[in-house]
Structures are given as C-alpha cells and as structure tokens.
> 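I'd like to ask you about the structure that follows.
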Amino acid sequence: MGDQTPCAALSNVLNKVKPYLAMISLQFGYAGMYIISMVSFKHGMSNFILATYRHVVATLVIVPFAFVLERKIRPKMTLPIFLRIVVLGFLEPVLDQNLYYLGMKYTTATYGSAFVNMLPAVTFILAMIFRLERVNVKKIRSLAKIIGTAITVVGAMVMTLYKGPIIDFIKSGGATHHGTTAESADKHWVTGTIMLLGSIFGWSSFFILQSFTLKKYPAELSLTAWICFMGMMQGAGVSLVMVRDLSAWKVGWDSRLLAATYSGIVCSGIAYYVQGVVIRERGPVFVTSFSPLCMIITASLGAIVLAEKIHLGSIIGAIIIVSGLYTVVWGKSKDGKYSETDEKSNVLQELPITNNARSISDDDGIVGPAKIVNIPASKTPFSTQGT
C-alpha cells in the first residue's frame, strides 16, 4: 500500500465512491421525474400513456447501446429467462409506475416520494416469505431488521391516518377549503395511499426478481433493454384498455413530451442499468437505502415549483419511516459482517484437520496437494455454528 502511486490511489478511491455517487445521482433524477410528472398530470396527461411513452423512449435509447456494447458477452436467451423478463416488464414498468402515478395524483409528489422509504422494509418482508432472508430472533442483527420493519409500517400509518396542520416552509397564499372539498380530498388521500402501497409492493418484487435474473443473465444493458421493451408492449395494451380516447395519445412540445422523454431516459433506461450494476456489487438493500435523499429533494422542489402544502403528519411519518429504514439497513450491514465472520471461523476450524493430515501422511511418498488422507470421525465433534 505504501508504494502505491497517486493515480492508483485515486482510482481505488473512485471505485469505492462510485456506487455512492451513482445512487445519489439517481435520487436527483427521480426527484426531477416526480415534479415533471406532476406538472404533466396537471396539464391533462394520462398516467397510463405516460408510463407507455416512457418505455418507448427508454427502449429506443438503450437498445443500440446494448446491441453494440454487449454483443460478445450477451448470454443465450432461454425460455425461463424470457418468462422472468416478461414478469419484470410487468412488475415495475406497468404495475409499479401506474399505481405510483395514480397515488401521486391523489396525494402529492412529496407524499409519494416519502412513501418510497418503505421499499427496504417491504423487500425484507418479501425476502422472508420466499426464504431469501434468514431471521434469528436471538441475534441483534435479525432483531434490528424486524424492529426496523415494524417502525417503517408505523410511520406509514402515521402518514396515512394523521394529516395535521399545514407547514408552510415557503409562504404562499393558500385558499380556504370548504367541508365537502376537504372530505373528498381525505377520501382521495386514503385511495392514493393504498395505490402507493401497491406500487411499493411491485417495486420491491421487481428488485428481488431482478437480482435473481442477473445471476442467470449477467448482461445489465441487454436486460434493461428487454425490460423496457416488455414494459412498453404490456403498458401499451393496458393503456388501450384504460384510455379509449385516441386523442389522449397526442403530445406536443410541452410538459407531457418532457415528462415522457426525461423519465424514459433517466428513470427507466439509465436507472435500470445503474441499479442492476450496483445490485450485483452491493445488493438490493444498498440500492434502496438512498431513498430518503430523494424525499428531501422532492419536498424542496415540490414546495417551490408546485406550491405543495406539507402537512405535519407527513413530516412526522417520514421521520419515523427513515428511522425504520436505517434500522433495517444497519441490521443488513451487520448481517454481512457476521456472515464473513462465520466463513472465517469455518475455515479456521478446518485448519487443525489439514495439519493433522499433513503429519499423518509425512511418511507417505506423496508430496503436495495430491495427498488423500482418511481421518476417522471424532466421537466428540466440535460445533461449526457461528455466534
């Protein structure tokens, strides 16, 4: 390490920082998408058509790069992998995005971005259901994941059931709402919350399936292109059923075209690829642990651009959700450390057997790793269970 050149040291630092910079940049991209999408909805764009156009743009942008850059490393497409891609194209591009857009239309962009903080907790619950996550209540790391998940659910309930007074960070002349309008808004608020929960469920399912698919199909750009294409085809079918007015498909040089182009390039094409790379390197929980930053950026932009009103209940609930989120992340980080310790302890426990084998076979004529020694089983076996 001492004879390392400055260029090599800088390269090592950049490699370590790269996942963090990538995920922070994505949060700015997502925050911009939330604001631009809300503006397009206020100008009459359908959320179904926006989701479809978004993946039309993403497919056109990503396919050429995937075809050229991964021409030699692209694995062979098989039926099981194709079926997984079809499901991936439904979970995030169709189910998640349409439910999220609807939920955001019924609430606010800030409220929707705050709900995204439930993503790690929902992912953890699904991982337990599918036996992808080991839980031992006697260990502190498992308790942290369970408690963090419970805290996150409590925060979501606070955001849903308690609105509280409006907090004006930026002074704006808000109109007084009448009783019927407030009652209707409350009904939409609950409906929007249910849709946001469905959106988070679809997104967390997408992350789990994407991590498994990358093991069988380790070509991030090609997988991104396939997901965008499948999302475009399935989204177009859903849009034709849900939106019968063909004039709704027309876009001009306005916020609707900007929303489709921006979200397609940044939040579908680039985001799917970057998330795939980071998931392979750091895992899905690392990817989802940056969502609170997106909430803060969206809240700031929403108050300035959209003049959104932030309620006290949303702030309290968001703080509780973030606390639960990082409790889950802390438990996951400890989980990784303990698994490494378990592996090292297993290796150390195997060393005495290796040394005994060497001493027993010293008289043999075989030298090197080709020695084969049969050691009788011990009557008092030691335990290999980690602490």
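The structure displayed is predicted, hence computed values, not measured ones. What's counted below: heavy atoms across the whole structure, side chains too, no hydrogens, waters or symmetry copies.
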> Compare every heavy atom of G276 with every heavy atom of L214, then report the nearest pair and how far apart it is.
CD1-O, 3.6 Å
> Is the closest side-chain heavy-atom distance between Y34 and Y100 below 4.5 Å?
yes
> Quick one: does any side-chain atom of S204 pair with a main-chain N or O of I200 as donor and acceptor, under 3.5 Å?
yes
> Can you name the side-chain hydrogen bond (donor to acceptor under 3.5 Å, both in side chains) partners of E92, sequence neighbours left out?
Q97, Y272
> What heavy-atom pair brings S205 and L126 nearest, and what distance separates the two atoms?
OG-CD1, 3.4 Å
> With rounding to the nearest 0.5 angstrom, report the CD1 to CG distance, I194 to L102.
12.5 Å
> If you count the non-hydrogen atoms of other residues, nucleotides and ligands that lie under 6.0 Å from OH in Y326, is the total more than 12?
yes
> Side chains of residues 229-243: which donor-acceptor pairs under 3.5 Å do they make with residues two or more places apart or in other chains?
from: Q234; atom 1: NE2; to: V86; atom 2: O; distance (Å): 3.0
from: Q234; atom 1: NE2; to: M230; atom 2: O; distance (Å): 3.4
from: S239; atom 1: OG; to: F48; atom 2: O; distance (Å): 3.0
from: S239; atom 1: OG; to: T52; atom 2: OG1; distance (Å): 2.8
from: S239; atom 1: OG; to: G235; atom 2: O; distance (Å): 2.8

> Running the 4.5 Å side-chain criterion over Ile, Leu, Val, Met, Phe, Trp and Tyr, what cluster does I73 land in, apart from itself?
none
> Looking at every heavy atom in both S40 and L50, which two are closest together, and how far apart are they?
OG-CD2, 4.1 Å
> Within the 4.5 Å heavy-atom criterion, are V251 and M45 side-chain neighbours or not?
yes
> Just to verify, what does P64 make a side chain to side chain contact (heavy atoms under 4.5 Å, CB included) with, not counting sequence neighbours?
none
> Any side-chain heavy atom of L221 sitting closer than 4.5 Å to one from F67?
no
> Side chains of F201 and L197: does their closest heavy-atom pair fall under 4.5 Å?
no
> Between S222 and A219, is there a donor-acceptor pair closer than 3.5 Å when you use the side chain of the first and the backbone of the second?
no
> Looking at CD1 of I227 and CD1 of I62, how far apart are the two atoms once the value is rounded to the nearest 0.5 Å?
11.0 Å
> Say you draw a straight line from CD1 of I321 to OG of S314; how long is it, rounded to the nearest 0.5 Å?
9.5 Å
> Report yes if the side chains of I140 and W330 come closer than 4.5 Å at any heavy-atom pair, otherwise no.
yes
> Is there side-chain contact between T327 and K145, with at least one heavy-atom pair below 4.5 Å?
no
> Please assess W203 against L95 for the test side-chain contact (heavy atoms from CB on, under 4.5 Å), listing each intermediate value before the final yes or no.
CA-CA 8 Å; W203 201 357; L95 181 65; over 6 Å; no
> Heavy atoms only: give me the nearest T298-I35 pair and the separation to one decimal.
O-CD1, 4.0 Å
> Measure the CD1-CE distance between I36 and M38 for me, rounded to the nearest 0.5 Å.
13.0 Å
> Can you list the residues that meet the side-chain hydrogen bond (donor to acceptor under 3.5 Å, both in side chains) rule with T107, with sequence neighbours excluded?
none
> Is there a continuous path of hydrophobic side-chain contacts, each under 4.5 Å between heavy atoms, that joins V278 to V17?
no
> Assess whether side-chain contact (heavy atoms from CB on, under 4.5 Å) is satisfied between I310 and I166, documenting all intermediate values.
CA-CA 6 Å; I310 302 176; I166 295 175; over 6 Å; no
> Which pairs, with at least one residue in residues 250-268 and sequence neighbours excluded, count as a salt bridge (charged side-chain N to carboxylate O under 4.0 Å, His left out)?
D254-R256
> Does anything in residues 259-270 form a side chain to side chain donor-acceptor pair (under 3.5 Å)? List the pairs, not counting sequence neighbours.
R54-S268, H55-S268
> Might you work through the side-chain contact (heavy atoms from CB on, under 4.5 Å) test for Y106 and W189, ending with a clear yes or no?
CA-CA 6 Å; Y106 286 142; W189 200 268; over 6 Å; no
> Anything under 3.5 Å between a donor and an acceptor, one on a side chain of residues 25-33, the other on a protein residue two or more places apart or in another chain? List them.
from: S25; atom 1: OG; to: L21; atom 2: O; distance (Å): 2.8
from: Q27; atom 1: NE2; to: M23; atom 2: O; distance (Å): 3.2
from: Y30; atom 1: OH; to: Q275; atom 2: NE2; distance (Å): 2.8

> If you measure from CG on L83 to CG on L88, what distance do you get to the nearest 0.5 Å?
11.0 Å
> Distance check, rounded to the nearest 0.5 Å: R84 atom CZ versus L79 atom CG?
11.5 Å
> Any pair with a residue in residues 212-234 that passes salt bridge (charged side-chain N to carboxylate O under 4.0 Å, His left out), sequence neighbours left out, goes on the list, sorted by first then second residue, please.
E220-R280
> If you define the side chain from C-beta out and look only at heavy atoms, does anything of L196 sit under 4.5 Å from M118?
no
> Going hydrophobic residue to hydrophobic residue with side-chain gaps under 4.5 angstrom, can you get from V63 over to V266?
no
> If you take all heavy atoms of Y53 and A260, which pair is closest and at what distance?
CB-CB, 3.7 Å
> Quick check: do D96 and L91 have side-chain heavy atoms less than 4.5 Å from each other?
no
> Tell me every residue that passes salt bridge (charged side-chain N to carboxylate O under 4.0 Å, His left out) with E70, counting only those two or more places apart in sequence or in another chain.
none
> Please enumerate all residues that pass side-chain hydrogen bond (donor to acceptor under 3.5 Å, both in side chains) together with T193, with sequence neighbours excluded.
Y111
> Can you sort out the partners of Y20 under ring-ring contact (aromatic ring centres under 6.0 Å, His included), two or more places apart, ordered by chain and number?
F286
> Using ring centroids (six-membered ring only for Trp), state whether W226 and Y217 fall under 6.0 Å.
no
> What's the shortest heavy-atom distance between L223 and T213, and which atoms?
CD1-CG2, 3.9 Å
